[in-house]
S.K.: 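Structure in structure tokens, see below.
These figures come from a predicted structure and were not determined experimentally. For ligands, and for the atoms within them, numbers begin at 1 and follow the listed sequence. Residue numbers count from 1 along this sequence.
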Amino acid sequence: MQVSETRQKMNRVQQFRLYLDNTQSLDDVYNLLNQLSSDVLDMYPHIACRTQCNSCCKGTSMPAITPAEWAKVHDYLLRFYTEEQREALITRTREMYNPRKALYWGVHDTIQQPANMDKLRSFREVLTQLTDTQCPMLVNETCSVYMSRPAKCRAHGGFLYVFGEYTQLHACESEVEKMEIKLKEQGSRNVLMPVWNDFEARIVEKFNEPNATSTILPIWLLTHLHKGELIEDAVAEPDFEAFREKDM
Ligand code: SF4
Ligand code: SF4
């Protein structure tokens with residue numbers, strides 16, 4: 001990488017809030033996330049997220065999705081999935097959800113908490129019980145909604161996540177451990193990365209209705225079925241409580 005190119009990437013990451021404030025659509029935010037993620041991975045070559053890793057789509061990682069992001073996934077499922085693919089998606093989502101519905105709602109409830117250490121503890125408690133699941137959109141080890149994937153899926157590995165006083169790499173445990181080793185080697189805890197929480201706040205506040213509820217993809221999908229088929233229009237605020245106790 002040439003020096004001017006490196007400087008350009010560093011400037012972009014340093015000024016990410018300015019770029020973020022200028023986003024006018026969810027697509028703008030997605031494009032910015034893609035660009036910054038690529039910039040950060042270029043600056044920190046030890047981060048493994050570039051290698052088509054899909055471990056984030058399995059087990060303990062359950063991205064929180066706002067209604068506006070779900071609407072994009074929903075639209076993608078209607079336009080680009082075949083009827084058979086949608087049927088298979090609904091079946092595998094139900095198979096994962098029904099035996100574990102209390103845990104899935106545990107994740108849902110945790111998502112609604114403010115970002116602090118209690119929330120981090122709640123996530124650790126509930127997510128560690130979901131290691132045998134995966135995102136229903138993961139098909140043949142690949143994200144089947146890649147072009148419409150939610151913001152959080154675009155931010156793995158290259159962003160910081162702030163929980164109250166505590167800041168960590170927005171990544172899997174092995175990447176967090178690797179980063180800790182790098183920080184010890186460099187002798188300081190300074191890292192140049194955008195903050196995921198700022199993106200989350202922008203998406204919630206600017207591109208969703210006030211007080212919109214975020215939840216996980218399996219719950220979004222299962223609250224959008226009628227007679228076993230995906231309904232035509234995405235609903236920003238389904239009656240989540242009506243679904244909580246049901247098998248779906
Ligand atoms: S954070 Fe970890 S699991 Fe996720 S993409 Fe990066 S290397 Fe893979
Ligand atoms: S939407 Fe795609 S990238 Fe995101 S968790 Fe699901 S499979 Fe992975």
Side-chain angles (χ1 to χ4, degrees), residues 26-27 29-31 33-34 36-81 85-86 88-90 92-93 95-97 104 107-108 111 120 123-124 127-128 130-161 167-182 191 193-196 199-200 203 214-222 224 230 234:
L26 193 49
D27 285 333
V29 178
Y30 283 0
N31 289 335
L33 280 164
N34 294 348
L36 292 170
S37 177
S38 157
D39 291 343
V40 172
L41 295 186
D42 285 346
M43 286 191 284
Y44 295 96
H46 72 275
I47 298 176
C49 304
R50 72 199 70 240
T51 54
Q52 307 225 314
C53 175
N54 64 14
S55 300
C56 277
C57 313
K58 295 178 180 173
T60 57
S61 198
M62 285 263 178
I65 319 289
T66 61
E69 293 168 274
W70 160 249
K72 284 193 174 290
V73 175
H74 177 271
D75 180 57
Y76 189 95
L77 296 175
L78 285 178
R79 288 203 292 147
F80 299 112
Y81 262 45
Q85 286 171 322
R86 278 197 298 275
L89 168 70
I90 291 164
R92 69 174 169 270
T93 307
E95 283 172 1
M96 277 188 284
Y97 170 86
Y104 276 67
V107 180
H108 171 92
I111 287 168
L120 188 57
F123 268 136
R124 284 183 178 149
L127 289 175
T128 48
L130 282 166
T131 48
D132 59 344
T133 60
Q134 64 172 51
C135 175
M137 310 297 164
L138 188 68
V139 181
N140 296 331
E141 302 294 318
T142 304
C143 176
S144 62
V145 294
Y146 191 76
M147 299 304 288
S148 294
R149 72 197 186 285
K152 207 159 187 297
C153 306
R154 298 167 194 258
H156 278 132
F159 291 69
L160 298 173
Y161 204 161
T167 302
Q168 75 163 51
L169 185 62
H170 181 261
C172 62
E173 273 178 35
S174 72
E175 283 305 309
V176 171
E177 279 166 22
K178 252 172 31 186
M179 183 55 89
E180 284 300 327
I181 293 167
K182 287 283 160 195
V191 285
M193 284 186 185
V195 177
W196 158 253
F199 287 81
E200 190 173 45
I203 292 168
S214 296
T215 193
I216 51 178
L217 278 170
I219 292 182
W220 277 122
L221 179 72
L222 294 173
H224 278 72
L230 193 60

S.K.: Picking from Phe199, Trp196, Tyr44, what satisfies ring pair (Phe, Tyr, Trp, His ring centres under 6.0 Å) with Phe159?
M.R.: Phe199
S.K.: Verify, without hydrogens or angle tests, whether Arg154 (side chain) and Asn34 (backbone) share a donor-acceptor contact under 3.5 angstrom.
M.R.: no
S.K.: Is there side-chain contact between Gln85 and Phe80, with heavy atoms separated by less than 4.5 Å?
M.R.: no
S.K.: Under 3.5 Å, side chain of Glu141 to main-chain N/O of Asn54, donor-acceptor pair present?
M.R.: no
S.K.: Considering heavy atoms of the protein only, find what lies nearest to atom 2 (Fe) of ligand 1 and give residue, atom and distance to 0.1 Å.
M.R.: Cys172 SG, 2.3 Å
S.K.: Show which atoms of ligand 2 fall inside a sub-4.0 Å distance from at least one heavy-atom site of Pro150.
M.R.: 1 (S)
S.K.: What atoms in ligand 1 come closer than 4.0 Å to a heavy atom of Glu175?
M.R.: 2 (Fe), 7 (S)
S.K.: Do any N or O atoms from the side chain of His224 and from the backbone of Trp220 form a donor-acceptor pair under 3.5 angstrom?
M.R.: yes
S.K.: Are any side-chain N or O atoms of Thr128 and backbone N or O atoms of Arg124, one a donor and one an acceptor, separated by less than 3.5 Å?
M.R.: yes
S.K.: So, the side chain of Thr66 versus the backbone of Ser214: is there a donor-acceptor pair under 3.5 Å, distance only?
M.R.: no
S.K.: Give me the residue, atom name and distance of the protein heavy atom closest to atom 8 (Fe) of ligand 1.
M.R.: Cys53 SG, 2.3 Å
S.K.: Considering only NZ, NE, NH1 and NH2 on the basic side and carboxylate oxygens on the acidic side, decide whether Glu69 and Lys72 come within less than 4.0 Å.
M.R.: no
S.K.: Determine how many protein N/O/S atoms sit closer than 2.8 Å to atom 8 (Fe) of ligand 2, leaving waters out since they are not shown.
M.R.: 1
S.K.: Please list, in number order, the atoms of ligand 2 under 4.0 Å from a heavy atom of Leu217.
M.R.: 1 (S)
S.K.: With side chains defined as the heavy atoms from C-beta onward, is the minimum distance between Leu221 and Leu77 less than 4.5 Å?
M.R.: yes
S.K.: Among all protein heavy atoms in this structure, tell me which lies nearest to atom 6 (Fe) of ligand 1, with the distance rounded to 0.1 Å.
M.R.: Cys49 SG, 2.3 Å
